[in-house]
Amino acid sequence: MRVAVLDVDGTLIAGPLGGPLPGMLADEGLAPADRLAALRGAMASTDAEDGNGARRQQELFAAMLTDVPCQQVAAVVERVWRRRRERLFPFVRPLVAALRGAGFVPMLVSGGPHDLVAHLAAELEVDLFASTRYEAAEGLFTGRLGATIVGAKDQVVQALAGRQAIDWPGSLAMGNSLGDAQVLARAGRAVAFEPSLSLRALADERGWLVCDRTDLLDRLRDTSTLPAPPPAARIPATDAPALSADAVDVAGARRRLTEHLLAQVDGQGVVVGEQQGRVTETALMLTLLRREKTMPDLQEHLRTYLADARPRADAFDAAVIDSTLHGIVVRDRQRLIERYFADAAQHSSDRKKLALEAILAAVGPDPFHVAAPSYALEHHNEATWTRLRQIAIHHLQAPEPLAPELTARLLRMTERGQQRGVIESNVFAHLFALLSLHRAVPGHPVIQEGITALAKTVRDDGSMPLIASEEIFCTATATAGLALARADADRTLLRAMGDSLAHHQAGNGGWGFAHDVVQTDIDCTTHALTLLHTLDPYRYCTQIRAARANLLAHQGEDGGMPTYLPGQPSEPTMTANTITALAPYRRDHNDALHRATGYLLDAQHADGTFERSWSLSESKAMLRALTAFTLARAHNAFQHHGRLRPAIDAIHSQLLATANTDGGWGQTPGEDSDPMSTAYTLTALAPTHHDHPTARAGLRYLLHQPNHDGGYTSRTDQAGPRPLPYIVPVLTDTFVLIALTHYH
């Protein structure tokens, strides 16, 4: 019996077959949020190739199903299958048919839930498959794990074959991770499909066939594993297919997008970067105006926006709207918040959860109260707006009678901060300061002055944004400025943009995200430095020197870089940005760059990804890290004990392996494609995989997404306070433009 043993997750389908299942079960109320959070925590902290970790995840999923009716789970599984069915790689059905025609007996071996793998097996007409079963009794799941394939897969295959002897030298096995290595070693034809870093090393050592979704069938035919396809019928000239993406006018798309972006640059070389409004700030503002009994017309404008937003709101925004407009109290804030973090795939902390709970407490009809540990209210060594928000929440939470010193401190901070308008351009923090002051000194002139400043940020649709403007960030962070430079925009205008950035450099050598923002950050500073160096390193030498000193002063003991202040936790994306910005000055900063690169290598996950920081897209952090690693390797390919090349390969493999069937990429594997995530990925692949079929398919996707004016609209990529998303439309245009400039 010649068998073809096929792994499923990441081999026949992009990502795990059952990826959405736990979240959908929780959404249906069939599984508690805390058990979903435990499962996702284990998934985030476990190496994808750790067998013990895989079994632990299966046990946690089994626990989610405790006392859940099997029939109800089956109904959810069927819906999951309908969604995941479309994500099968295009080669899968032809591959299985060709294997069967070549005399192989196909077998599916997957760690996914049995009922879900059964749907896949039926789709492919495969009779033999092994998967994970969850124990059930009397129509209910018991919460215990049943049969599992974790372990020796060749024994699983033999069990499927029954009494028939397997001709292993004549058989085929295909997988993508080190967990498949044992069965690959048994088979005479071993196929490492888009392999993990460790499996790729083993495949190279043993001479196994390595291929990806674009060349699998051809490679198997080249090795005579599969028969050659029949010759294709000749297509008459009148029925010729449409031009491929390679023939599309990329230059024309780039030109239209450049013109669209140029229209957003003012006479001083500034891209304002206005945010769209959102529910959170709108609800807080309406609550403040009601309590202060002022601006009734504006109240109605805000109320109308919230009412119109309710039908399309997510669970958290819906709770905020219902509480604001109708006084409906959320019964279990903690469960709602935990589920929101889980759905957003963002790491939660007590301080992050506090911010969300404070929103619900502030707009609700009951007296303000949050169930947070005292350390979550700490405000030392924090960014200016975070410190203001934490102090305001502490003030709202303090018991009666209020200590006058608390009120006096908050009053001084608010009065001083709003002399420039919205405090630090952060609408969210400013609103909390005013709501807190209203508790102690309602009607105070400082509150009225703050309301006047905040009212200027109300959008035409009646909404309010998180941040009033991001002109420095949008002009400098490799978006408007650098993208236009690469697109050969007018040099006079670019010089004006550079001069504007230079003028607004802070005294400490860094930059904040807007002109009136005192707090500088590494993100803005690194991108401003890179832009000024690109435009004219001699004209801006003074600013560049100060910016370099600013970055060095932030480097932590671990070699990494924080976002805001020295001593804060290092973040991979900020570290990668710093390596890129300082690379032209390596001779002066060689030791700092070496330490930073070491930190970044240690921060990489086994699958090539990184913690996502302020972006919701995995590909953005990978793009930043890839750029940093490539620059480091160009300087010295052998530093860090040869770790750079494997780290680069891991990023490339992950990006190539996670494309969707429509050609684009989502924020994480399995999510729908969006232009922003696709642009990050195409930019990362361009230097080394410019003509790769996967990159060309991504380009085709991107070229079919523009609006009628040449600009782009995408799912939001940013969140703050994390995980609450916010949208800056111009950022989509600029990152797409960067991507297009790499393809001609």
Side-chain angles (χ1 to χ4, degrees), residues 275-337 339-340 343-344 352-372 389 392-393 395-397 422 426-439 442-443 447-448 450-468 719-721 723-727:
Q275 284 188 8
Q276 290 182 4
R278 63 180 189 177
V279 165
T280 301
E281 287 72 21
T282 309
L284 290 171
M285 182 67 163
L286 178 57
T287 301
L288 175 63
L289 295 181
R290 284 172 170 173
R291 292 176 183 174
E292 283 287 310
K293 298 180 175 59
T294 186
M295 297 187 177
D297 292 342
L298 181 54
Q299 287 188 41
E300 180 59 25
H301 201 27
L302 300 171
R303 191 204 64 77
T304 300
Y305 168 80
L306 293 175
D308 292 344
R310 179 60 177 83
R312 60 182 183 277
D314 60 31
F316 184 81
D317 279 354
V320 172
I321 293 171
D322 290 345
S323 188
T324 304
L325 298 186
H326 310 298
I328 300 175
V329 178
V330 179
R331 292 182 179 178
D332 190 343
R333 291 181 193 164
Q334 299 301 320
R335 184 178 183 209
L336 173 65
I337 292 168
R339 180 176 293 182
Y340 194 68
D343 290 344
K352 292 176 183 177
K353 290 187 285 188
L354 170 63
L356 270 62
E357 187 174 1
I359 295 167
L360 295 170
V363 301
D366 297 335
F368 186 94
H369 176 74
V370 289
R389 184 185 78 215
I393 294 174
H395 189 262
L396 282 164
Q397 180 86 333
V422 176
N426 193 298
V427 174
F428 184 73
H430 198 165
L431 280 165
F432 262 105
L434 298 182
L435 283 165
S436 185
L437 286 175
H438 172 82
R439 179 192 178 194
I447 299 177
Q448 298 305 313
I451 288 174
T452 300
L454 288 166
K456 296 177 182 178
T457 69
V458 177
R459 305 308 188 213
D460 291 341
D461 63 356
S463 65
M464 295 188 68
L466 164 66
I467 294 171
L724 295 177
Y726 64 91
I727 300 175

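Atom set for the values below is all heavy atoms of this structure, side chains included, hydrogens, waters and symmetry mates excluded.
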- Query: Any ion pair linking Asp317 and Arg312 (charged N to carboxylate O, less than 4.0 Å)?
  - Reply: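 So Arg312 does not pair with Asp317 through a salt bridge.
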Straight-line distance of [X] [atom1] to [Y] [atom2], nearest 0.5 Å:
X	Y	atom1	atom2	answer
Gln275	Ser463	CD	OG	10.5 Å
Arg310	His326	CZ	NE2	7.5 Å
Leu435	Glu292	CG	CD	9.0 Å
Ile328	Ile321	CD1	CD1	11.0 Å
His430	Glu281	NE2	CD	13.0 Å
Leu286	Arg303	CG	CZ	9.0 Å

- Query: Of Thr324, Leu302, Thr282, which meets side chain to side chain contact (heavy atoms under 4.5 Å, CB included) against Thr287?
  - Reply: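 With Thr287 as partner, side chain to side chain contact (heavy atoms under 4.5 Å, CB included) holds for just one option, Thr324.
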Can you tell me if [X] uses its side chain to pair, donor with acceptor, with the backbone of [Y] under 3.5 Å?
X	Y	value
Arg439	His395	yes
Glu357	Ala371	yes
Gln397	Val370	yes
Thr304	Glu300	yes
Gln276	Tyr726	no
Thr457	Ala453	no
Arg278	Leu724	yes
His301	Asp460	yes

Considering all heavy atoms, the nearest [X]-[Y] contact:
X	Y	answer
Ile393	Ala358	CD1-CB, 3.7 Å
Ala283	Leu306	CA-CD1, 4.0 Å
Ala319	Leu360	CB-CD2, 4.2 Å
Leu356	Phe316	O-CZ, 3.6 Å
Pro365	Gly327	CG-O, 3.5 Å
Met285	Leu454	CE-CB, 3.9 Å

- For residues Leu466 and Asn426, determine if any side-chain heavy atom of one lies less than 4.5 Å from a side-chain heavy atom of the other. yes
- Task: State, with a plain yes or no, whether a side-chain heavy atom of Phe428 is found less than 4.5 Å away from one of Ile467.
- Result: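 Phe428 vs Ile467: side chains apart.
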- Message: Using a 6.0 Å cut-off, check whether atom CG of Asp332 has over 12 heavy atoms from anything other than its own residue.
- Response: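 More than 12 heavy atoms, drawn from other residues, nucleotides or ligands, come within 6.0 Å of this atom.
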